[in-house]
Amino acid sequence: MVCGGFACSKNALCALNVVYMLVGFLLIGVAAWAKGLGLVSSIHIIGGVIAVGVFLLLIAVAGLVGAVNHHQVLLFFYMIILGLVFIFQFGISCSCLAINLSKQTDVINASWWVMSNKTRDELERSFDCCGLFNLTTLDQQDYAFCTAVCKSRSPTCQMCGEKFLKHSDEALKILGGVGLFFSFTEILGVWLAMRFRNQKDPRANPSAFL
């Protein structure tokens, strides 16, 4: 059996979708773990991560069933959806790698003031900081009501904006790099599905149209 044969394409496509399923379960598990430990209380963040995990699971199951049964319709829709996911993910990954500190500052500043007071308090306690950038009266008021531990140790605390910028820059590079790498596995999945879909099962009737 050569590697370009029917069985090899089938096994490779199955293995790739098993990896996608594991990643989907991992996303759901991490979201549940973070919620259980109280690391993240926002239902929107938890729900978003779980939704991505479930979506990835559904794609993986469709690809796995299509590969096992050599199902033409499932493989076709699997190729289309995975191709669209690749385009979306590739664009987001490139944006994560391209965003500079100035843009990150604008995003952090805009996001900070749309958060609830409870979420801001949790972030201040988690990062042990107070306020954002101390640029406006609102920042100064937020600093005054801060309940972080650092305020009991020292009259001045590090601003949260400075810590957020450091962590966000690292996180964006990691997310962009991982997302870019993972997006190329999706192209591999599209190519394998297309190749496998056009191959004939040697165990089937040679005169059958596949």
Side-chain angles (χ1 to χ4, degrees), residues 1-35 39-40 42-99 103 107 168-210:
M1 181 185 66
V2 294
C3 191
F6 180 88
C8 184
S9 297
K10 179 179 179 179
N11 292 336
L13 192 57
C14 288
L16 186 63
N17 283 288
V18 168
V19 172
Y20 287 161
M21 290 180 70
L22 292 176
V23 172
F25 281 123
L26 181 64
L27 287 173
I28 295 171
V30 167
W33 172 74
K35 179 65 177 175
L39 298 178
V40 182
S42 173
I43 192 65
H44 300 293
I45 296 174
I46 297 295
V49 174
I50 291 176
V52 171
V54 170
F55 180 68
L56 191 59
L57 270 177
L58 291 175
I59 294 176
V61 168
L64 195 59
V65 172
V68 170
N69 298 318
H70 201 213
H71 196 288
Q72 296 292 302
V73 177
L74 270 179
L75 288 172
F76 174 77
F77 283 108
Y78 173 78
M79 287 162 44
I80 297 298
I81 295 172
L82 207 59
L84 292 174
V85 171
F86 163 76
I87 293 171
F88 179 76
Q89 187 171 325
F90 184 80
I92 294 295
S93 299
C94 290
S95 299
C96 287
L97 294 172
I99 191 170
K103 293 292 184 183
V107 171
S168 68
D169 191 52
E170 294 174 355
L172 284 171
K173 289 178 180 177
I174 293 171
L175 286 173
V178 171
L180 201 62
F181 171 78
F182 196 66
S183 66
F184 286 109
T185 69
E186 290 158 4
I187 282 292
L188 176 63
V190 172
W191 178 79
L192 280 172
M194 186 182 302
R195 178 186 178 86
F196 179 64
R197 189 170 178 267
N198 294 324
Q199 289 178 322
K200 289 185 177 182
D201 189 346
R203 296 171 300 178
N205 183 0
S207 63
F209 176 78
L210 295 176

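Side chains included, hydrogens not; waters and symmetry mates left out as well; all remaining heavy atoms used. Quick caveat: nothing in here was measured; it's all calculated off a predicted structure.
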Please output the side-chain donor-acceptor pairs of residues 20-28 that fall under 3.5 Å, not counting sequence neighbours, one pair per line with the distance.
residue	atom	partner	partner atom	Å
Tyr20	OH	Thr185	O	3.0
Tyr20	OH	Thr185	OG1	3.4
Tyr20	OH	Glu186	N	3.3

Residue pair Val190 / Gly83: nearest heavy atoms and the distance that separates them: CG2-N, 3.8 Å
Leu82 side, atom CG; Leu192 side, atom CG - distance, nearest 0.5 Å: 10.0 Å
Over all atoms of both residues, closest heavy-atom pair of Phe86 and Ser183: CD1-O, 3.1 Å
Residue pair Tyr78 / Ala193: nearest heavy atoms and the distance that separates them: CD2-CB, 3.8 Å
With sequence neighbours excluded, residues passing ring pair (Phe, Tyr, Trp, His ring centres under 6.0 Å) with Phe196: Phe6, His70
For Leu13 against Ala67, the heavy-atom pair lying closest together: CD2-CB, 3.7 Å
Minimum heavy-atom distance between Arg197 and Met79, given as atom pair plus value: CD-SD, 4.1 Å
Inter-residue atom distance Leu64.CG - Leu57.CG, 0.5 Å rounding: 11.0 Å
Heavy-atom pair of closest approach, residues Val68 and Cys14: CG2-SG, 4.0 Å
Phe76 side, atom CZ; Ile81 side, atom CD1 - distance, nearest 0.5 Å: 10.0 Å
CZ (Phe77) with more than 12 external heavy atoms under 6.0 Å: no
Val85/Phe55 under side-chain contact (heavy atoms from CB on, under 4.5 Å): CA gap, chis, key distance, verdict: CA-CA 11 Å; Val85 171; Phe55 180 68; 3.8 Å; yes
